[in-house]
Each structure stands twice: as structure tokens, then as C-alpha cells.
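Here is how names work: the chains are called A, B, and so on, in the same order as the sequence lines, proteins then strands, and each is numbered from 1.
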Protein chains: 2
Amino acid sequence: MSKRQNLNAGSVTLLDVAREAGVHVSTVSRALDPAHHARVKEATRQHIEAVADRLGYRPDMVARGLKSGRTATVGVIVADLGNTFITPVIHGLTAAVEAAGMMPMIAETEDNSDRFANILDHMLSRRVDAMVVMSARSADRDILEAAGRILPIVVAGRPLEGTTLPEVVVDEHAGGRLIAEHFADLGHRTVAQLRGPVDVANFPRRDQGFSDACRERGLEQVLVPETATVPVIAEGRRIMDALINLAAGMPTAIFAHNDLMALGALSRLRQDCVRVPDDVSLVGYNDLPMVGHVTPSLTTVKYPGMDVGRLAGEMILRLLGGEQVEGHTLTPQLVARESTRALE
Amino acid sequence: MSKRQNLNAGSVTLLDVAREAGVHVSTVSRALDPAHHARVKEATRQHIEAVADRLGYRPDMVARGLKSGRTATVGVIVADLGNTFITPVIHGLTAAVEAAGMMPMIAETEDNSDRFANILDHMLSRRVDAMVVMSARSADRDILEAAGRILPIVVAGRPLEGTTLPEVVVDEHAGGRLIAEHFADLGHRTVAQLRGPVDVANFPRRDQGFSDACRERGLEQVLVPETATVPVIAEGRRIMDALINLAAGMPTAIFAHNDLMALGALSRLRQDCVRVPDDVSLVGYNDLPMVGHVTPSLTTVKYPGMDVGRLAGEMILRLLGGEQVEGHTLTPQLVARESTRALE
DNA sequence: CTGTTAGCGCCTTCAG
DNA sequence: CTGAAGGCGCTAACAG
């Protein structure tokens, strides 16, 4: 029964254990540290471990952090936990760093640059060992790069135009292409995009990839001047509304820049009794866990979030180990479901 | 330009500032601490602040934590970030504690008791000042209560049967009732539940409230023996499948114990071309942001997550201030949408 | 108003 | 193999 777990004891220190065991603190320190416990006699070690267990000793990571300069914490900055494409990224990341005894500290910017600066500052104050940033907007670049000079930072998920920091991202350009090609293959000729924020690099890249493929395949784009300020349901609804109110004719296929926006668009279309996919085909992006279960199930682009998170975590560990790292660009995949159909 | 923000400096300490400013460290400490800077001459204070700013001084919260015994961190333990009813809770909580300069440290148990124990232990090691637990299963109660003896803990969202810890919860019994009464009002006579995990107290309580109201209103329940192991889409699909394969006749209205399970059920029904609400009415629980935008939009019970989070945060602050607190029980509300209809 | 001193809990030399 | 001593950065007494 080595897990007595006497939680009652508020804070049992090394000194308490030392006194109780009749040895010196540094002996206890060594006995309890797997890296050094070879330097202490087997018998005393066992005795010390027993005492520590009985007293419910729990190392104080704050004290350890002050001494060692390491907090075993990796700061994770995200834009919005409500956007569930982040969930798998966090899972992957957590799994990777947990293996090294580290713990993520997650904070949300709500896509607000002031909050971003505050959170960054706060995490530096807390002496996180490294950071993974999934929420950077172009305006945040300078301050982020500056932080990157004082600890390892990996940019993940959202690419950051012009950064020198290592990135784990998905080939957004390819993702945009996939969708335009899907439309072309289905016989669509007139298409449109509901575009996400222009200062979050994913979206302009999706736009670019989509537009390039449209040009190559001879698709005509109906341009909606508005772009979403934040990539959420309500904004998808708003941009869809703008498209509907354009003088130009309606396209037969629409690419919403992410799944949430697609859900918003769907809801706006339904309001006018426009059927998907009968009257218009609709595609999202990210493959959120639920979009395969809505009606109609959404054609989308699978975002390999788990891999992004895992790779980011591994990069962090390598950087902390003093190694150099290369960025990664993963490849997205189209998932065809019911919300798109071929024109006859 | 008081925000020079010289991030370059890796770690400028109080001593560095003191040397540069030609004063003693403790003077710097006082000058920079809003609570004590009255005790230092205005002129020196301004000088010190200027120097600190120029050097890019950033307080070391690790050192401060060691000295003061406070880390300004509140541990938050959740089951699954993918279940977005948690998002507003986190927002409310963050807003509340941020106002006091504290930061939440979020960790996910993935509804696994071993992980729960590990995370708890880890957070205690990190000397979080307090904890908010939203993921407790009944098996975790003892270990959690033990931790509650060494720091303030608030149980939020998921009630914990038989706990002595303060709770911020929603009246789940009332929530279950609302749904049965909604069914009765619409003229349904034969109903069923797709039940969530029995060891997460929310679900048995929803069951109880629903069943009580059924009895009062003379509704007959088709009992599905299976319950979900985890309240997610896949399990909703599985339990729906079990209901379909029962020898008993199909009910005309179904209560899935949360929105994710309802989405899974919807997807299973669709597979058999059973229409919602034409053939069967379906209700979820939580009012996730997207369920008002799926087709059919889901009738559900609004979970006041923001309030739960805010109240939990405020309770934490009060507990840290040495005050006594009372638990809160909030009242849920039915949101009628398209997935339920009156029988003719 | 400012400087001095001590120590939070731990780890890491350096001696014995 | 074990004990002693110093210090990580900061703050809270206590002096002056």
C-alpha cells in the first residue's frame, strides 16, 4: 500500500520528512529524486520513502521552480475554446507534453489583441517554460516575436504571416483548392466564398487556394465584399445574408471558411427556404465532431488537429532540450458528405 | 510611453532594477507594489518605475508564490473540453477570477478517474490557491474531499452526490420535469429517455425529475436498460440504437440526456429514415451554441453556464478571503424549437 | 522614507 | 554515502 495519500497534511516539507526520518534534508531530496537516488543507501532510501508516504509529502513545484528555473508548464494560448477544432489539438499537445511531466496552462484571447498581450505577459511572469500559440493575429506578431527571444515558442494551427517562429500548420492553400476542385468535379460553374477574418492567415490562404483552383478550372466567383470579423456562427449568418442581398445572381455552390460559419450560413438559407444541397451546395472547413451528424451532414475539410497538437508538443520538448527544429505543414483532406451534390 | 516593454531582457530581477536605480531592492519592491507604494517618496517611485520599465522588469510570480504562499492560480478540472456547454462556464469563471488578478489553470480528465487523481495531485503540487471541479464522478468523492481540507474547492456544473463541498449547480430535477411537461403539453403519451452516465449526478437527477413528472402527468415510459458510459455523440447513437431494437413499441417523444447524445440519436434515426419531429419528437439538454442552428433545430434546456462559472469564481474569491459561502442552485429553462411537435 | 535581515522549500555544490 | 551551506527572487518584519 504505497499510496497512503495522506492529503490531510497541508504542506509537509522536505524538512518535515527529514526530521521524522532522522536524516538530513539533502538526503531526503536525493532519495526522492529518481535521478539521484542511486547516491543513497538502499535501506535509508526505503525508509525515507516510507516516511514521505506516511506524511503525505508532495513536492512543492513552486519552490522547485524557483530553484531550477523550470516550472514544467507550457503556456497555451487559444482564441476561443468554443471553436471545437481546437479540442483535438489540445488533446494531442497534452498527451505529448504530459509524457515529459509537463502540464499545459490554457488561456483564451477571445480574439482580442489586448487580451493577447495581457495573457502573454502573465505567462511570462509565471515563467512558463515554453509556449504554444494558436491564436495569433498579424497585429500580435511583433510582441510574440519579442517573447520568442526569451523562451521557446511554437505557432500552431493558425499560421502567422512573416514570422520566424517555428510553425505547425496545415496547408490551407491546398485545403482551399480541394474545395474548388470538388465543386468543379460536381459540375458547378458559379461559386462563392463566405470569407473569414483577413488578419488570421488561415483564411486568406484558403481564399487564395480556392481562387487559384477556380481560375484553373474555369469557375466563376461571386465576390462578397464583407468578411467575417471573427469566425463564428453569427458571422457566417451575416456574410450569407450579405451574399443573398447582392445584386448578382446566387451561386450554386458556397464555401464557408469554417464549419461554424457554415452552420450560420445554413441557418440563414433555411430562413429563405433555400434547400441544401438541392438548391445550393455548401462546404465548411475543419470537420468539427458534430458536423457529420447535422442535417444535411456537412461536406468539409478534415483538419488534423490531433497531429498538429502532438507535433507542436514534440517540438516544444525538443526546443527545451536545446535542439533545433523545423516547422511542419500537414495536408488536409476533403470529407464529402450530404451538403454538396452534382449538378445534372 | 510608459509601455516600453523591453521583452528582450530574459529575466531582469528586482536587484537589477535596484542597482540601476541606485536604491535598495526592498524599496523597489515597495515602489512597484500598489499596496505599499505609498510608503515610498513620490520622486523615487517615479524614478524606479521608469527604470523598471526601461529594463523590462517583469515580476517573477514563482518567487512571489514561494514567499507569499499564493500562486494567483485557480485550478479548473473539467471532463471534456469538446463538450461545449463548458465553454461559457469557463468564460464566466475566468472573468470573475481575472478581476482579482488570478488565472485559471485548466486540465481535462477525459472522464477518467485515474487521470482525475493525477491532475488533482499535480495541481496540489503546483500550489494552486483554490480549485473548481466540474468533472467529479462519485468515485472521485473521497479524494476530492480530502483535497478540500487543504485548500478551497468549489464543485460546479456537475453535482457530486453526498459532498460537503460548496456547489454551484443547476436544478437538474427541475430540468427533467420541464421536458416531461413539455411532452405532456404537446399531447405525447408514450415517451423514453436516452440516459447519461449513472455515476455523474446530473443524469440520475434529470431522470428522476423526468420520471416524477411523467408519473404525475400519466405518461408512459419505454425503459431503455442501457445508459451512456460517457455523454457524447457516439453514445447517444448507441443508446438510440438500443431503443430501436427493443421489442417494445417506439415512443413518440424522446429525451436525450444532453445535446451531444441528442445529435447522435438524430443521426441514428435518420439512418432509418425516421423523421424528427414528424415521426418522433426529440429533446436534448444544455443548449449548446450550435444546436439552435442544426436541422431540425433542437428543443433543449438552457444551461446557464456563464452564471455557473461566474458564481463559482466569486465563491472562490470569497473563500480565499476567509469568508463562509453557501452553495447555489440555478434554475434551467426550456427552449422550444423545431425538434418537438404536438400530436394531432 | 529607506536600508537591513531573514527566510519561503528546494536543489546543488562542496566537505567530510 | 551523508551533512553543511548557499542561494534562486521576492517580501515582510524590523531598524534606523
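The nearest pair of heavy atoms linking L160(B) to A136(B) is CD1-CB, 3.9 Å.
Side-chain atoms of R30(B) and base atoms of dG3(C) include a donor and an acceptor less than 3.5 Å apart.
Only at 4.0 angstrom or more do the heavy atoms of residues 37-51 of chain B sit from any atom of DNA chain D, so none qualifies.
We find that CG of L32(A) is positioned 9 Å from P of dC11(C), with the value rounded to whole Å. The interatomic distance linking R70(A) (CZ) with dT12(C) (P) rounds to 12 Å, in whole Å. The interatomic distance linking M61(A) (CE) with dC8(C) (C1') rounds to 17 Å, in whole Å. Here the P atom of nucleotide dT2(C) and the NE2 atom of H36(B) are 15 Å apart, to the nearest Å.
Distance from the side chain of Y57(A) is smallest to dC10(C) among dC11(C), dC10(C), dG3(C).
When heavy atoms are screened at a 4.0 angstrom cut-off, V62(A) is found touching no nucleic acid atom at all. Backbone-only engagement by L14(A) is indicated by non-hydrogen atom pairs under 4.0 Å involving sugar-phosphate atoms exclusively.
Put simply, S68(A) has no side-chain N or O that comes within less than 4.0 Å of OP1 or OP2 on dC11(C). Considering only side-chain N and O atoms, R64(A) lies under 4.0 angstrom from the phosphate OP1 or OP2 of dC11(C).
For the side-chain hydrogen bond (donor to acceptor under 3.5 Å, both in side chains) condition, the pairs that include at least one residue of residues 30-41 of chain B, sequence neighbours left out, are H37(B)-R45(B). Within the structure, ring pair (Phe, Tyr, Trp, His ring centres under 6.0 Å) contacts touching residues 122-158 of chain B (residues at least two apart or in different chains) do not occur. Within the structure, side-chain hydrogen bond (donor to acceptor under 3.5 Å, both in side chains) contacts touching residues 78-93 of chain A (residues at least two apart or in different chains) are H91(A)-E108(B).
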Between the protein and nucleotides 5-7 of chain C, which nitrogen or oxygen pairs come in under 3.5 angstrom?
from, atom 1, to, atom 2, distance (Å)
dG7(C), N2, K67(B), NZ, 3.1

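Partners of R64(B) according to the salt bridge (charged side-chain N to carboxylate O under 4.0 Å, His left out) rule, which considers only residues two or more places apart in sequence or in another chain, do not exist here. V25(B) meets the side chain to side chain contact (heavy atoms under 4.5 Å, CB included) test with L14(B), L15(B), A18(B); sequence neighbours excluded. Every residue was checked against the salt bridge (charged side-chain N to carboxylate O under 4.0 Å, His left out) condition with E167(B), not counting sequence neighbours, and none meets it. The side-chain hydrogen bond (donor to acceptor under 3.5 Å, both in side chains) test applied to S113(A) returns D140(A), not counting sequence neighbours. Not counting sequence neighbours, E145(A) has no partner by the salt bridge (charged side-chain N to carboxylate O under 4.0 Å, His left out) test. By the salt bridge (charged side-chain N to carboxylate O under 4.0 Å, His left out) test, D60(A) pairs with R127(B), sequence neighbours left out.
Extent of DNA chain D lying under 4.0 Å from chain B heavy atoms, first and last nucleotide in 5' to 3' order, is dG9(D) to dA13(D).
Atom CG of L124(A) and atom CE of M131(A) lie 6.0 Å apart (nearest 0.5 Å).
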